[in-house]
2 protein chains.
Amino acid sequence: MKSIVRLADVARHAGVSIPTVSRILNGVQTVAPELRERVMKSVEELGYQPNRMAKSLREQRTGILAHLTAGLNANFHATLARGVQDAAFDLGYTMILGSSHHLENGQSQLTYAKLFDSYRVDGMVVVPSSTPDPYLETLSSRIPIIEVDRTVGEYSRHAVLLNNAEVMGEAVRHLISLGHRNIALLYGIELVSTEVERYQGFMRAMKEGGVPVDPRFLISDDFTEEGGHRAFQRLVGSGLPVTAVVVTTNEMLAGVVGAARQLGVRIPEDISLIGMDDERWVRMMSPALTVMAQTPYEMGYEACRLLIQCVEGQPGNTPWLHRIPGQLVVRESTAPPRLSG
Amino acid sequence: MKSIVRLADVARHAGVSIPTVSRILNGVQTVAPELRERVMKSVEELGYQPNRMAKSLREQRTGILAHLTAGLNANFHATLARGVQDAAFDLGYTMILGSSHHLENGQSQLTYAKLFDSYRVDGMVVVPSSTPDPYLETLSSRIPIIEVDRTVGEYSRHAVLLNNAEVMGEAVRHLISLGHRNIALLYGIELVSTEVERYQGFMRAMKEGGVPVDPRFLISDDFTEEGGHRAFQRLVGSGLPVTAVVVTTNEMLAGVVGAARQLGVRIPEDISLIGMDDERWVRMMSPALTVMAQTPYEMGYEACRLLIQCVEGQPGNTPWLHRIPGQLVVRESTAPPRLSG
DNA sequence: CTGAAAGCGCTTACAG
DNA sequence: CTGAAAGCGCTTACAG
């Protein structure tokens with residue numbers, strides 16, 4: 001393992017002082033052209049690469065941004081992380097990543113937050129776990145933190161969220177326009193903003209559409225594949241004359257599809273189905289599913305871009321909320337209801 | 001933004017010297033119990049959190065590991081990254097992530113490698129882009145680098161790879177045992193180890209099974225969805241009496257499925273199909289696909305664990321190769337060939 | 001325009 | 001067992 005080149009080595013090689021090399025490399029102040037040339041040649045020859053740790057320590061900023069996420073298991077979160085990553089890179093930052101082992105493990109999120117804080121990251125974009133984290137609350141008084149995808153509890157910071165109510169409204173209006181009136185909602189029981197807002201969007205759109213909501217058509221369960229499976233089983237088992245169902249998450253959607261197959265419920269002949277997230281499996285299966293499409297890459301990119309704006313700009317204490325639009329993608333899983341008795 | 005607590009603050013608060021606090025926190029040397037208690041109380045009260053940047057600079061090791069990957073788009077790579085991440089976390093390291101914008105962008109991989117090197121990461125686990133990178137070559141003389149999933153060109157380092165030839169052999173034997181003899185292979189044209197080894201595994205298994213290979217049944221294209229689509233079109237367009245096809249990558253597999261639908265080729269009635277990677281879409285579509293399953297999480301975890309062993313252990317210059325087994329998962333897309341004329 | 005000096009927040013020989 | 005001093009590799013006032 002050969003030893004690494006330091007600023008001092010370059011200075012000696014070029015026959016100038018250390019600060020001079022530093023100034024040239026950072027483009028600060030004017031420097032005699034002949035010196036600059038000599039130094040640049042030495043840098044090149046020795047293959048000098050500044051030590052960012054030392055630089056960070058001295059400058060009191062690291063150029064590192066942390067991304068805390070619920071987990072890369074879900075395609076949605078992986079894509080969002082890629083957006084964060086690309087924005088960081090494009091704007092000259094480095095991203096450090098922490099994904100909680102278990103999808104909703106608040107404990108490991110806390111551990112990651114502390115760890116990253118000890119590296120003195122310049123800011124964080126976090127997909128909060130489902131329990132509010134007091135440490136992040138404290139941290140946000142020192143560095144900018146942006147929440148993305150969802151918020152939990154009372155949030156007092158900045159957030160980039162899907163326009164949940166709006167897309168949900170599109171979905172409901174689509175079903176109503178097809179003639180459905182017995183529409184069920186399967187949603188996650190967790191108290192996170194995504195679920196709350198999608199639920200509210202559903203209720204509002206039904207009301208605006210003049211379709212009464214039967215509370216027995218509102219079924220909640222874990223927002224996992226198993227949760228979706230159970231919820232759909234309960235719905236069908238209830239014997240209610242439902243003709244369409246909307247599911248709030250992609251995981252639950254997979255469970256619903258599995259349950260429908262198992263129960264012999266045909267889609268869309270027996271029941272129309274609208275899900276969340278435009279993932280490959282949703283397009284590949286038949287019937288291809290109608291879904292509310294999110295743009296996770298853009299959400300991540302935007303969140304990180306705004307974070308950097310906070311990091312580099314003035315403090316700016318007033319919290320803001322940035323909404324990203326979603327879009328209903330109509331495919332084969334939605335059709336007019338059967339004329340049944 | 002309130003200012004952060006330093007070691008000096010703790011020392012003053014506890015009425016001891018800075019080195020004493022440092023020693024206590026690092027558990028080095030014996031310290032008078034009463035001092036230790038006083039110091040720990042101050043640490044607690046002030047909420048002290050060591051500055052890892054300063055520590056890193058002094059110790060000449062950062063506790064940061066970098067993961068360079070072709071991109072988080074593919075589920076496979078996202079899951080692998082999660083494995084790397086978890087191993088790093090479990091063993092006391094922090095992971096910094098770099099995913100190239102474009103799946104096969106060697107240029108951005110180089111940029112990331114340099115960036116991470118400037119942070120003086122302790123090691124790297126990299127999924128190499130398809131062009132060999134001389135910088136990584138140089139870097140590996142200074143810090144340990146582990147390649148995972150695939151290697152490119154002459155590799156002289158350590159690698160964790162799927163047992164490609166073995167799983168491919170399983171796939172081929174499965175088809176032969178069903179009675180197939182006209183078996184096609186659709187593979188990626190890129191010169192990466194995965195493609196090369198899967199190709200070789202195919203050839204060997206066919207030979208061992210006593211089934212001659214018609215070179216017209218060997219079709220290569222980009223390892224993307226489009227590439228798979230084209231490859232399958234060409235295969236079917238050729239009019240050859242193929243009864244089964246094996247596809248080396250998940251992306252190409254999606255293209256094959258799309259092309260089959262478009263051409264009205266029924267699976268498995270007309271052609272049996274075996275793909276790669278046990279992803280959700282492969283299970284959700286019908287027929288559910290028979291695939292060679294990899295374990296990306298384990299690959300990532302193992303690669304990172306071995307990396308840390310290198311980082312903490314003696315140099316150990318001899319390159320090694322670690323193989324992870326795959327497994328054929330038989331589902332509905334493979335069946336005996338039709339008795340055709 | 002250039003260099004000598006101080007300092008970022010730690011750890012680790014070195015004295016005592 | 002404890003503290004004063006040096007130093008990790010940089011940058012940035014401060015002199016000249």
Side-chain angles (χ1 to χ4, degrees), chain A residues 1 3-40 42-43 46-64 94 115 117-122 142-143, chain B residues 1 3-40 42-43 46-64 94 115 117-122 142-143:
Chain A
M1 314 254 164
S3 87
I4 205 156
V5 182
R6 297 153 309 161
L7 205 51
D9 300 317
V10 178
R12 189 167 349 96
H13 187 272
V16 295
S17 75
I18 292 179
T20 299
V21 181
S22 173
R23 289 192 194 98
I24 290 173
L25 256 29
N26 292 297
V28 88
Q29 221 173 288
T30 35
V31 178
E34 59 149 356
L35 277 195
R36 120 168 260 100
E37 202 173 321
R38 222 161 71 211
V39 167
M40 291 315 276
S42 296
V43 165
L46 301 177
Y48 173 69
Q49 189 109 48
N51 183 327
R52 294 292 262 114
M53 285 285 163
K55 191 182 171 78
S56 296
L57 179 59
R58 179 58 229 248
E59 290 185 321
Q60 297 287 77
R61 62 176 288 284
T62 54
I64 300 179
T94 298
L115 180 64
D117 183 32
S118 75
Y119 277 101
R120 302 294 184 265
V121 298
D122 294 334
R142 225 169 358 88
I143 59 172
Chain B
M1 314 253 165
S3 87
I4 206 157
V5 182
R6 295 152 309 162
L7 207 51
D9 300 317
V10 178
R12 190 167 349 97
H13 187 272
V16 295
S17 76
I18 293 178
T20 299
V21 182
S22 173
R23 288 194 194 97
I24 290 174
L25 257 28
N26 292 297
V28 88
Q29 220 172 287
T30 35
V31 178
E34 59 149 356
L35 276 196
R36 120 169 261 100
E37 200 173 324
R38 221 162 71 211
V39 167
M40 290 315 276
S42 295
V43 165
L46 301 177
Y48 173 69
Q49 189 110 49
N51 183 328
R52 295 291 262 114
M53 285 284 164
K55 192 182 171 78
S56 297
L57 179 59
R58 180 57 229 249
E59 290 185 322
Q60 297 288 75
R61 63 176 287 284
T62 54
I64 299 179
T94 299
L115 180 64
D117 184 32
S118 77
Y119 278 101
R120 301 294 183 265
V121 297
D122 294 335
R142 227 171 352 90
I143 58 172

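This one's a predicted model, so the numbers in the text were calculated from it and none came from an experiment. Chain letters run A, B, ... following the sequence lines, proteins first and then strands; every chain starts at 1.
The side chain of A:Gln60 places an N or O atom within less than 4.0 Å of a non-bridging phosphate oxygen (OP1 or OP2) of C:dG9. The shortest distance between the side-chain N/O atoms of A:Ser22 and the OP1/OP2 oxygens of D:dT11 is below 4.0 Å. Between A:Asn51 and the phosphate of D:dC8, there is no side-chain N or O to OP1/OP2 separation shorter than 4.0 Å. For D:dG9, the OP1/OP2 oxygens have no side-chain nitrogen or oxygen of A:Tyr48 closer than 4.0 Å.
In the displayed structure, B:Arg120 atom CZ is contacted under 6.0 Å by more than 12 heavy atoms of other residues, nucleotides or ligands. The number of heavy-atom neighbours closer than 6.0 Å to CD of A:Glu59, taken from other residues, nucleotides and ligands shown, is above 12.
The residue A:Leu35 sits close only to the backbone: its heavy atoms come under 4.0 Å of sugar-phosphate atoms, none of a base.
Residue B:Ile18 places its side chain closer to C:dT11 than to any other of D:dG3, C:dT11, C:dC1. When each of C:dA5, C:dC10, D:dG3 is scored by its nearest atom to the side-chain atoms of A:Pro19, the top-ranked nucleotide is C:dA5. Comparing C:dT2, C:dG9, D:dT12 by their closest approach to the side chain of A:Glu59 singles out D:dT12. Comparing D:dG3, C:dC10, C:dG3 against the side chain of A:Ser17 picks out C:dG3 as the nearest.
Rounded to whole Å, atom C1' of D:dC1 lies 17 Å from atom CD of B:Glu37. When the P atom of D:dC8 is taken as reference, atom CZ of B:Arg61 falls 19 Å away, rounded to whole Å. In this entry the distance linking CZ of B:Arg6 with C1' of C:dG7 reads 11 Å, nearest Å. The CZ-P distance, from A:Arg58 to D:dA13, rounds to 7 Å in whole Å. For the pair B:Arg36 CZ and D:dC1 C1', the computed distance is 13 Å after rounding to whole Å. Atom P of nucleotide C:dC8 and atom OH of A:Tyr119 are separated by 22 Å, given to the nearest angstrom. Taking atom CD1 of residue A:Ile24 and atom P of nucleotide D:dC10, one finds them 15 Å apart after rounding to whole Å. Rounded to a whole Å, the CD1 atom of A:Ile4 is 14 Å from the C1' atom of D:dC10.
Expressed to the nearest 0.5 Å, how far CG of B:Asp117 lies from CD of A:Gln49 amounts to 5.5 Å. Taking CG from B:Asp9 and OH from B:Tyr48, the interatomic distance works out to 9.0 Å, rounded to the nearest 0.5 Å. For the atom pair A:Met53 CE and B:Ile64 CD1, the distance stands at 4.0 Å (nearest 0.5 Å).
In this structure, the side chain of B:Ser56 engages the main chain of B:Arg52 through a donor-acceptor pair within 3.5 Å.
Nearest-nucleotide assignment on DNA chain D puts the 5′-proximal partner with B:Thr20, out of B:Thr20 and A:Ala54. In terms of position along DNA chain D, the nucleotide closest to B:Val16 lies nearer the 5' end than the nucleotide closest to the other residue of the pair B:Val16 and A:Asn26.
In DNA chain C, runs of at least 3 consecutive Watson-Crick or G-U pairs, each pair with both distances below 3.5 Å, span C:1-3 with D:14-16, C:5-12 with D:5-12, C:14-16 with D:1-3.
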Checklist entry - Run the side chain to side chain contact (heavy atoms under 4.5 Å, CB included) check on A:Asn51 and A:Ile4 step by step: do they pass? => result CA-CA 10 Å; A:Asn51 183 327; A:Ile4 205 156; over 6 Å; no

Next on the checklist: Is there a side chain to side chain contact (heavy atoms under 4.5 Å, CB included) between A:Arg38 and A:Thr20? Walk through the geometry before answering.
Outcome noted: CA-CA 11 Å; A:Arg38 222 161 71 211; A:Thr20 299; over 6 Å; no

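Taking only distance into account, the side chain of B:Arg23 meets the base of D:dG3 through a donor-acceptor pair shorter than 3.5 Å.
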